[in-house]
Amino acid sequence: MFYFPAWLSVFASAALVALASCADTGNSWMGTNSYYLQGLSDAEQSAYIDAMAKDGAKVVRVWVNGQTAGDCQKGSLIASSVPPLETNLGAYNDATLDALDKVIVKLNDKGIKALISPHDANSLLGDYRKDVYFDKWGSAGFYQDQSAFDAYDARLSYILNYKGASSGKVWKEWSDAIMGFDLQNEPFAANTSACTNNDAQNWACGRATHIRGELGADNPILVASGGLGGDYSHGCTFMASAIACEALDAVAVHRYASVPGKWSASAADWVSQARGKLVFVEEWGIDASKYDQGATFPTEAADFNSVGLPALYWQFILPSVAQCPYTAAGDSGDHFGIVYDSGVDLAGPMQQARKSKALQDWTAVV
């Protein structure tokens, strides 16, 4: 792949900002992530989605996963059990997609688009999240063995061709409600050596090509990277083989930077590295154990909006219920959530995003 010399890259980045200021790129957008929304009660789902819509969210990222009734998730009590999509490889539980379909209908009714992660690479770590793919191939084989590729492609095809129990829509044809599909949540995060070596087995482009083949060439639904390698610091986000892949439409950045995150300072370089693909921040967060989120969320969001870089926060969380007391600062594994009754202004920044000129053209997508 051709690489710019450093001085030319700086020049190109500046030129991209100048071009964006002239082009009619429409407006930017913000939103959030929720990996357990489908497990909440009907009333809590509606309350959450109503709040997101009122505050100006344009996109909510959701997961194809299971939930267990009675569990606590970030202060919420899971009301409905949802099975994993695959309890056995190749045997698919429609109840998993039915639960998510109901959520997407609600999001669509409020003018919010869904971004779908069809599988979580964290299930390949071998911890409490492990699944049938880990049991069969482990963290390494999943990204190396053709048999794993075939099994995962079959999962992707099933999801894309699923017809909603609530919506009556085939997901791959439902561009009014679905912004895009990730390759996976944080591909290679369980084994980053594969992506730091530029994905010798071509897993990322192979899966992108498979998804695009199912969607069709003219389908406006995006194929997004899902945060290659996990956090940006792992060095895989703009992996050369993925950027060269024609089927990949959008580069999703996962970056849990310190405050300030210097988003505006990074944006033009990221767009330059993406070589014409859309770029957005799919996960970012402010560590509640170190920072006052009420003070820092508006300033960090303003930095995004100053250059029109779209972003999804990790996570906006409903106030905790009595059975599930919760604070983000006290969460041993995740200090980044913003709880809805914590006094943080979410509406101002998200509404401002909708008024801010986008760095790239998202008008056909969001």
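Just so it is clear, the structure is predicted and the values come from calculations on it, not from any experiment.
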With heavy-atom distances below 4.5 Å as the criterion, would you say the side chains of [X] and [Y] are in contact?
{"X": "D182", "Y": "P118", "result": "yes"}
{"X": "F181", "Y": "I159", "result": "yes"}
{"X": "V366", "Y": "M179", "result": "yes"}
{"X": "V339", "Y": "T327", "result": "no"}
{"X": "F280", "Y": "L359", "result": "no"}
{"X": "D101", "Y": "W171", "result": "yes"}
{"X": "R155", "Y": "V132", "result": "no"}
{"X": "L97", "Y": "Y158", "result": "yes"}

Distance only, no hydrogens: is a donor on one side chain within 3.5 Å (strictly under) of an acceptor on the other, for [X] and [Y]?
{"X": "W63", "Y": "N33", "answer": "no"}
{"X": "D94", "Y": "Y162", "answer": "no"}
{"X": "T87", "Y": "N93", "answer": "yes"}
{"X": "Q201", "Y": "Y143", "answer": "no"}
{"X": "K106", "Y": "Q45", "answer": "yes"}
{"X": "D361", "Y": "T363", "answer": "yes"}

Separation of [Y] [atom2] from [X] [atom1] (nearest 0.5 Å):
{"X": "H210", "Y": "C205", "atom1": "NE2", "atom2": "SG", "result": "13.5 Å"}
{"X": "L37", "Y": "I78", "atom1": "CG", "atom2": "CD1", "result": "9.0 Å"}
{"X": "S157", "Y": "Y152", "atom1": "OG", "atom2": "OH", "result": "11.0 Å"}
{"X": "I178", "Y": "L222", "atom1": "CD1", "atom2": "CG", "result": "12.0 Å"}
{"X": "Y48", "Y": "L107", "atom1": "OH", "atom2": "CG", "result": "9.5 Å"}
{"X": "L100", "Y": "T96", "atom1": "CG", "atom2": "OG1", "result": "9.0 Å"}

Would the distance check show the side chain of [X] and the main-chain N or O of [Y] forming a donor-acceptor pair, the cut-off being under 3.5 Å?
{"X": "E283", "Y": "G230", "answer": "no"}
{"X": "E186", "Y": "N122", "answer": "no"}
{"X": "K58", "Y": "R354", "answer": "no"}
{"X": "K74", "Y": "F316", "answer": "no"}
{"X": "S46", "Y": "A43", "answer": "no"}
{"X": "D55", "Y": "L346", "answer": "no"}
{"X": "S34", "Y": "V62", "answer": "no"}
{"X": "S123", "Y": "R129", "answer": "no"}
{"X": "S225", "Y": "A252", "answer": "yes"}
{"X": "Q67", "Y": "Y35", "answer": "yes"}

Aromatic ring centroids of W270 and Y232 under 6.0 Å? yes

Would the Y133 and H119 ring centres measure less than 6.0 Å apart? yes

Quick check on the hydrophobic clustering: are [X] and [Y] connected, directly or via other members, by side-chain heavy-atom contacts under 4.5 Å?
{"X": "V60", "Y": "V344", "answer": "yes"}
{"X": "I112", "Y": "W29", "answer": "no"}
{"X": "I104", "Y": "L40", "answer": "yes"}
{"X": "W203", "Y": "L124", "answer": "yes"}
{"X": "L156", "Y": "I116", "answer": "yes"}

Relative to each other, are the rings of W284 and F297 parallel, tilted or perpendicular (30° and 60° limits)? parallel

Is there any salt bridge (Lys or Arg N to Asp or Glu O under 4.0 Å) pair reaching into residues 167-177, and which pairs are they, with sequence neighbours excluded? K172-E214

Could you walk me through whether K357 and T25 pass side chain to side chain contact (heavy atoms under 4.5 Å, CB included), step by step? CA-CA 7 Å; K357 185 178 177 63; T25 55; 3.6 Å; yes

Shortest non-hydrogen contact from [X] toward [Y]:
{"X": "H335", "Y": "S289", "value": "CD2-OG, 3.6 Å"}
{"X": "A364", "Y": "P220", "value": "O-CB, 4.1 Å"}
{"X": "S306", "Y": "S264", "value": "OG-CB, 3.6 Å"}
{"X": "S139", "Y": "N191", "value": "O-CB, 3.8 Å"}
{"X": "L215", "Y": "I221", "value": "CD1-O, 3.7 Å"}
{"X": "V59", "Y": "L312", "value": "O-CD2, 3.5 Å"}

For N198, all residues meeting side chain to side chain contact (heavy atoms under 4.5 Å, CB included), sequence neighbours excluded: M239, A240, S241

Is D153 paired with R207 through a side-chain N to carboxylate O contact shorter than 4.0 Å? yes

Begin with the C-alpha distance, continue with both residues' side-chain angles, and end with the deciding distance and a verdict on side chain to side chain contact (heavy atoms under 4.5 Å, CB included) for M52 and Y340. CA-CA 10 Å; M52 286 291 99; Y340 234 95; 3.2 Å; yes

Please evaluate residues Y36 and N65 with respect to the criterion side chain to side chain contact (heavy atoms under 4.5 Å, CB included), reporting the C-alpha separation (whole Å), side-chain torsions for both, the decisive distance (0.1 Å), and the verdict. CA-CA 8 Å; Y36 57 90; N65 63 17; over 6 Å; no

Surrounding CD of Q146 (heavy atoms of other residues, nucleotides or ligands, distance under 6.0 Å), is the total greater than 12? yes

For side chain to side chain contact (heavy atoms under 4.5 Å, CB included), just list the numbers for Q273 and T237, CA-CA rounded to whole Å, side-chain angles, deciding distance to a tenth of an Å, and then say yes or no. CA-CA 10 Å; Q273 289 185 66; T237 301; over 6 Å; no

Face-on cation placement of R61 at W314 ring, 6.0 Å and 45° thresholds: no

